[in-house]
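The residues of the chain are indexed from 1 along the displayed sequence.
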Amino acid sequence: MQLLSHFFELRASFPHGVEQEPQPITLDELADRLYCSTRNVKILLKKMCEQEWISWKPGRGRGNVSELTFLVSAEDMISKQAMALASQGDYKGTIELIHQLGKGEALQDSFIDWLFSFFGYRAVEYEERYKDTLRFPVYKWLVSLDPAFSFFAFDSHLINQIFDTLVQNNSQTMVIEPHLAHYWEISEDGLHYTFYLRKGVLFHHGREMTAHDVHYSISRLKDLGLSASQGWMTETIENMTVLNRSTIAIELKQPNVLFLQQLAHSSLAILPEEICRDNEDIFGRMPIGTGPFRLERNDDYICKLRAFDSYFGVRPHLDQVEIWLLPPDLSEVGPSWDMVQVLCDHNNSRKPVGAVGKDSEWHQIEQSILGCSLLTFNRSKKGPQQHPNFRKAIDLIIDRERMIEELGGFREAPASSFLPSLNQSGSEAPYRTDFAEARRLLEEMGYRGEVLHMYIYSNHNEDAVWICEQCARAGITIELTTRSKSDMMNLSTIMESDLIFYHICMESEYDLHIIQTLKQSNSYVRAHLGEQRMAWVDLEIDQILQNPNREERIGKLHQLVEILQEEKSFLFVLHRSQQTTYHDSIKGVSLNDLGWVDFRKIWFAPGG
């Protein structure tokens, strides 16, 4: 790599397109260009000649003109070196190469054409066998694969591939089904649950899962309390007793009709006690579960999953999944797949490299994403956002229809609820835009142009920029502050902000997921409510969790959300859709609620 750096440095000091043309130069001039002695220059030239990168004809006598000829272009060198490094599995070296040397569009284009042809589904020869491999790029990396700290859709999706839960929720039938527990009993008063575990279920390191692991996993989440994203899910648990190796009894303080749904949530996945307890600091990076895929590698640049051959359920068809982190600037020059999807496009309608002109071989799925973008106001912090007039003014300023019209892409519809299917129907718009009324409300409250800080995840958040520009038209000054995803999981960061703009991704179990949004310790909606409203929400949800009638529960939740909406505690902004493009040879493609292709269901048909 050091010799390569010298080659690029040398090549950059000559004009473009001089390959195969002898260039007159002296050793002293080369020493100046490479910042080293003439002795070292001779060594470097000899090595480059051996590599057949250059040819060198020395002049006779010191100071006489010699001839240097470049035999290969810088473009070719980057491509060849990148391919060589990647084929050796040195992805880190590949990415370092593009960062260090790939300056200028021409160099990047040559690299990118190769790089993006490297992604997709293919059969890869591995130890004399073919492995069906899915390889795809992302531009934002994982934060944590520890179920206790699952927060983002990307992390949660991978957690669901690596871990299993006691029971699982069938999103089609809305029925809770057996999983790690093959059977359970519930007492008439709804306070006592007994779970009977499958025998012979293995963790990825080869040990059998037992009731002690179940006890540890649930107790751990309970002990973590507010520091765990979904610690609230264990609040109703009074006591747990391991009855034998494959049976555990759980006693609740009060009835909780969603307890089984909570046990199906990835936060309550079952972990191997001794591995997690003894390696808690690194468990989020290299976790071990019982799931259909085991984690083989997870460093700064690549995450690799391999099918778990001893999985107690149906083994995936796919043998391995490789997720590669690319530098964010490559997202603008390569196919614009967003952070979550294989061959998925959230912004444009571009096909993957190699797909152009082959429409019959490619298929597309477009679907609405469950969830919406939200703007929260920190009512726990002093500032204009505390005043209802200010929050109402912002709502009147954001013209959702115009936002969709001007920004385009996969922005689908104005939001008036968490889920697209629950938007208000009828001719009346779910919101109205009125700048004059907004200015009147601001004047009435005495707003004097104080600066507010809106926290976001990414510098490329067009929606947040658009909202700030509209607010500026009404005299409201909002500064955007980009914070990392890991920072944005911390309550201290959340409480620093005046506003947070983000997209919330929900799953189909509506009542549980609305409750999660209101109860999760580091939920932006909850954290920004203020103590008084938070206490009221907790009392309401306590009652809802004891109501066995689903329609009544959802009705009560709608009322609760409506009250928070009347106060403009947070604003619904937009619903989005997403598009997934995939090749004819890929079978079993469907998107789950988190907007991901489920790895365990897809399979590869060579020759399509």
Asker: Can you tell me which residue pairs pass the salt bridge (charged side-chain N to carboxylate O under 4.0 Å, His left out) test with a partner in residues 36-47, sequence neighbours excluded?
Answerer: Lys46-Glu50
Asker: For Ser217 and Leu271, work out which heavy atoms get closest and say how close.
Answerer: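 What the structure gives for the nearest pair is OG-N, 2.8 Å.
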Asker: Are Glu9 and Arg11 within salt-bridge range, i.e. N to O under 4.0 Å?
Answerer: no
Asker: Measure from NZ or CZ of Arg306 to the centre of the six-membered ring of Phe293, then state whether that distance is under 6.0 Å and the direction lies within 45° of the axis.
Answerer: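 Arg306 over Phe293 ring: no.
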Asker: Per the ring pair (Phe, Tyr, Trp, His ring centres under 6.0 Å) rule, what does the pair list look like for residues 18-54, sequence neighbours excluded?
Answerer: Phe7-Trp53
Asker: Please state whether the rings of Phe283 and Phe163 are parallel, tilted or perpendicular, taking 30° and 60° as the class boundaries.
Answerer: tilted
Asker: Using a strict threshold of under 4.0 Å (side-chain N to carboxylate O), is an ion pair present between Lys304 and Glu296?
Answerer: yes
Asker: Salt-bridge test for Arg411 and Glu462: reply yes if a basic N is under 4.0 Å from a carboxylate O, no otherwise.
Answerer: yes
Asker: For a quick test of reading the model, state the closest non-hydrogen atom pair linking Leu145 to Arg285 and the distance between them.
Answerer: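 Looks like CD1-O, 4.4 Å.
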Asker: A side-chain contact here means heavy atoms from C-beta on lying under 4.5 Å apart; do Asp309 and Arg315 qualify?
Answerer: yes
Asker: Can you find a pair of side-chain heavy atoms, one from Ile162 and one from Arg294, that are under 4.5 Å apart?
Answerer: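 Ile162 vs Arg294: side chains apart.
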Asker: Would the distance check show the side chain of Asn279 and the main-chain N or O of Ile282 forming a donor-acceptor pair, the cut-off being under 3.5 Å?
Answerer: no
Asker: For the residue pair Asp164 / Thr290, report whether a side-chain donor-acceptor contact shorter than 3.5 Å exists.
Answerer: yes
Asker: Please identify each residue that fulfils salt bridge (Lys or Arg N to Asp or Glu O under 4.0 Å) with Arg220, with sequence neighbours left out.
Answerer: Asp146, Glu280
Asker: Is there a side-chain contact between Cys303 and Glu322 in this structure, where contact means two heavy atoms from C-beta onward sitting under 4.5 Å apart?
Answerer: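 Heavy-atom side-chain distance check fails, nothing below 4.5 Å.
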Asker: So, Glu406 and Trp466: side-chain donor and acceptor under 3.5 Å apart, yes or no?
Answerer: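 A donor-acceptor contact under 3.5 Å links the two side chains.
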Asker: Assess Arg33 against Phe14: is NZ or CZ under 6.0 Å from the centre of the six-membered ring, and within 45 degrees of the ring's axis?
Answerer: yes
Asker: Parallel, tilted or perpendicular for Phe308 and His204, by the 30°/60° rule?
Answerer: perpendicular
Asker: Are Tyr502 and Tyr457, when compared by the centres of their aromatic rings, separated by less than 6.0 Å?
Answerer: no
Asker: Under a 3.5 Å distance rule, please check whether Gln23 uses its side chain to pair with a backbone N or O of Glu21 as donor and acceptor.
Answerer: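 Looks like yes, one N/O pair under 3.5 Å.
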Asker: Between Arg297 and Asp299, does any NZ, NE, NH1 or NH2 come within less than 4.0 Å of an OD or OE carboxylate oxygen?
Answerer: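 Salt bridge flag = yes for Arg297 with Asp299.
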Asker: With side chain to side chain contact (heavy atoms under 4.5 Å, CB included) as the criterion, how do Ile500 and Ile494 come out once you've worked through the C-alpha distance, each side chain's angles and the decisive distance to 0.1 Å?
Answerer: CA-CA 8 Å; Ile500 293 179; Ile494 297 165; 4.0 Å; yes
Asker: Can Ser73 and Glu19 be counted as having a side-chain donor-acceptor contact under 3.5 angstrom?
Answerer: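 Distance-only check fails for Ser73 and Glu19.
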